[in-house]
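Some notes on the structure that comes next.
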Amino acid sequence: MMLTPTHHFRDLERKPEYLQPEKCVPPPAPGPAGAMWFIRDGCGIICAIVTWFLVLYAEFVVLLVMLIPSRDYVYSVINGIVFNALAFLALASHCRAMLTDPGAVPKGNATKEFIESLQLKPGQVVYKCPKCCSIKPDRAHHCSVCKRCIRKMDHHCPWVNNCVGENNQKYFVLFTMYIALISLHALIMVGFHFLHCFEEDWAKCSSFSPPTTVILLILLCFEALLFLIFTSVMFGTQVHSICTDETGIEQLKKEERRWAKKTKWMNMKAVFGHPFSLGWASPFATPDHGKADPYQYVV
């Protein structure tokens with residue numbers, strides 16, 4: 001059986017001499033407690049700004065073009081509350097996904113002192129990442145954008161300017177869900193508004209001129225349809241990944257399963273927290289992932 005380059009590289013990692021801890025400088029001093037996690041990536045920052053701009057554009061059209069000019073106050077109030085609540089939750093989820101440490105492995109910890117502190121038994125081996133000089137836990141992968149190894153890394157998403165990993169997958173799932181919901185809600189309201197304007201005088205169904213109103217509604221319709229499809233697919237992919245307990249990278253690389261198989265419900269609770277509650281739908285509720293086990297580096 002021929003070894004692929006990936007298999008060959010992993011075999012090298014298993015050799016004790018490959019670790020070469022003497023070539024790793026001591027890890028950098030930890031930052032201040034509570035320091036914010038933020039990736040300084042130009043593309044990711046632009047994508048994050050665009051995400052906020054598109055949500056705020058939808059807010060502008062929904063409120064100033066459709067709801068405020070409406071004579072049906074009950075319709076305007078109910079839809080305004082629902083849309084703004086979903087938009088707020090979507091942006092809050094986006095912030096949590098972007099500013100939460102996704103599960104970064106301490107950088108430069110592949111030192112002789114740290115390896116000795118693991119108290120390895122005969123036959124036990126550890127993995128080292130040659131790119132960030134870190135001892136890699138099982139199921140961790142290196143991200144070239146974050147320049148760190150990330151535990152249970154699913155993928156790097158430029159729209160949240162961060163990796164989706166062990167600590168922030170919940171917020172990313174909520175972000176895709178709430179964006180899909182406000183996109184669907186906006187599409188429904190655009191449809192009703194077009195019908196209303198066709199039945200009534202176009203000059204009275206909006207605060208803007210008829211041509212401007214049509215352009216704004218068409219742009220919102222296109223944006224909502226595009227993001228409804230995109231985020232719905234992402235949401236379904238993430239839920240499937242959680243239920244099967246297999247990250248996107250592991251599926252792509254078809255990595256051999258070396259971890260215990262659990263039920264779908266247990267996998268969901270591992271991501272969203274224990275026990276099941278309304279906190280699952282809140283970006284402000286931090287799931288309890290448990291403390292890191294130092295022996296998770298050992299295989």
Side-chain angles (χ1 to χ4, degrees), residues 44 46-63 65-67 75 78-100 102 154-165 167-194 216-244 246-248 251 264-265 267-269 271-273 276-287:
I46 292 173
C47 288
I49 293 174
V50 169
T51 300
W52 275 68
F53 171 79
L54 292 174
V55 174
L56 294 178
Y57 171 77
E59 282 275 1
F60 167 78
V61 177
V62 168
L63 292 178
V65 177
M66 294 189 285
L67 296 184
Y75 172 86
I78 293 177
N79 282 282
I81 292 175
V82 172
F83 186 86
N84 280 280
L86 293 175
F88 172 75
L89 290 171
L91 292 179
S93 300
H94 183 271
C95 282
R96 291 301 303 271
M98 179 171 60
L99 303 178
T100 299
D154 187 87
H155 68 288
H156 184 92
C157 178
W159 296 105
V160 298
N161 188 34
N162 201 1
C163 276
V164 177
N167 293 342
N168 68 342
Q169 189 172 25
K170 170 191 172 178
Y171 309 126
F172 182 75
V173 172
L174 292 181
F175 168 66
T176 58
M177 181 182 74
Y178 288 126
I179 289 294
L181 289 176
I182 64 173
S183 298
L184 178 61
H185 191 194
L187 277 175
I188 294 173
M189 284 192 290
V190 168
F192 277 115
H193 199 74
F194 266 121
L216 292 173
L217 290 176
I218 289 177
L219 289 176
L220 176 60
C221 185
F222 176 77
E223 174 196 339
L225 182 61
L226 180 65
F227 277 90
L228 173 61
I229 295 173
F230 177 71
T231 55
S232 295
V233 171
M234 286 300 301
F235 175 77
T237 302
Q238 286 296 301
V239 171
H240 177 266
S241 175
I242 293 171
C243 290
T244 58
E246 193 174 19
T247 67
Q251 294 175 19
K264 295 179 180 179
W265 186 243
N267 292 330
M268 291 290 287
K269 289 195 293 184
V271 172
F272 290 92
F276 172 76
S277 67
L278 289 177
W280 280 27
S282 171
F284 303 103
T286 303

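Residue numbers run from 1 in the order of the sequence given. Reckoned from all heavy atoms, side chains included, excluding hydrogens, waters and symmetry mates.
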| Would a 4.5 Å heavy-atom cut-off, applied to side chains only, mark Asn267 and Val271 as touching? | no
| For Ile242, does its backbone N or O pair with a side-chain atom of Lys264 as donor and acceptor, under 3.5 Å? | no
| Tyr75 OH: over 12 foreign heavy atoms closer than 6.0 Å | yes
| said: For the CZ atom on Phe284, are there more than 12 heavy atoms of other groups (residues, nucleotides or ligands in this structure) within a distance under 6.0 Å? | reply: yes
| query | When rounded to the nearest 0.5 angstrom, what is the spacing between CG in Leu181 and CZ in Phe235? | reply | 8.5 Å
| task | Of all the heavy-atom pairs spanning Ser183 and Ala224, show the shortest one and how long it is. | result | CB-O, 3.3 Å
| field | Ile46 side, atom CD1; Trp159 side, atom CH2 - distance, nearest 0.5 Å | value | 11.0 Å
| query | Among all residues two or more places apart in sequence or in another chain, which pass the side-chain hydrogen bond (donor to acceptor under 3.5 Å, both in side chains) test with Thr247? | reply | Glu250
| field | Residues forming a side-chain hydrogen bond (donor to acceptor under 3.5 Å, both in side chains) with Gln169, sequence neighbours excluded | value | Gln238
| Do any N or O atoms from the side chain of Asn162 and from the backbone of Thr100 form a donor-acceptor pair under 3.5 angstrom? | yes
| note | Glu223 and Tyr57 have their tightest heavy-atom pair at OE1-CD2, 3.2 Å
| Parallel, tilted or perpendicular: which describes the rings of Phe230 and Phe227, with under 30° parallel and over 60° perpendicular? | perpendicular
| Is the closest side-chain heavy-atom distance between Cys47 and Asn161 below 4.5 Å? | no
| request: Could you tell me whether the side chain of Thr176 and the main chain of Val173 form a donor-acceptor pair under 3.5 Å? | output: yes
| request: Report yes if some heavy atom in the side chain of Phe83 is under 4.5 Å from a heavy atom in the side chain of Glu59; otherwise report no. | output: yes
| said: Given 3.5 Å as the limit, does a donor-acceptor pair link the side chain of Tyr178 with the main chain of Leu91, or not? | reply: no
| If you look only at pairs with a residue in residues 81-99, which of them pass as a side chain to side chain donor-acceptor pair (under 3.5 Å), with sequence neighbours excluded? | Trp52-His94, Arg96-Tyr171, Arg96-Thr286
| Side chain to side chain, Met66 and Leu220, heavy atoms closer than 4.5 Å | yes
| Phe192, CZ atom: more than 12 neighbouring heavy atoms under 6.0 Å | no
| message | If the condition is ring pair (Phe, Tyr, Trp, His ring centres under 6.0 Å), which residues does His155 pass it with, not counting sequence neighbours? | response | Phe172
| Reported CE-to-CD1 distance for the pair Met234 and Ile179, which is rounded to 0.5 angstrom | 12.5 Å
| Non-neighbouring partners of Ser241 that pass side-chain hydrogen bond (donor to acceptor under 3.5 Å, both in side chains), sequence neighbours left out | Asp154
| field | Side chains of Leu67 and Met189 in contact at under 4.5 Å (non-hydrogen atoms) | value | yes
| request: Identify, with sequence neighbours excluded, every residue that meets side-chain hydrogen bond (donor to acceptor under 3.5 Å, both in side chains) alongside His185. | output: Asn79
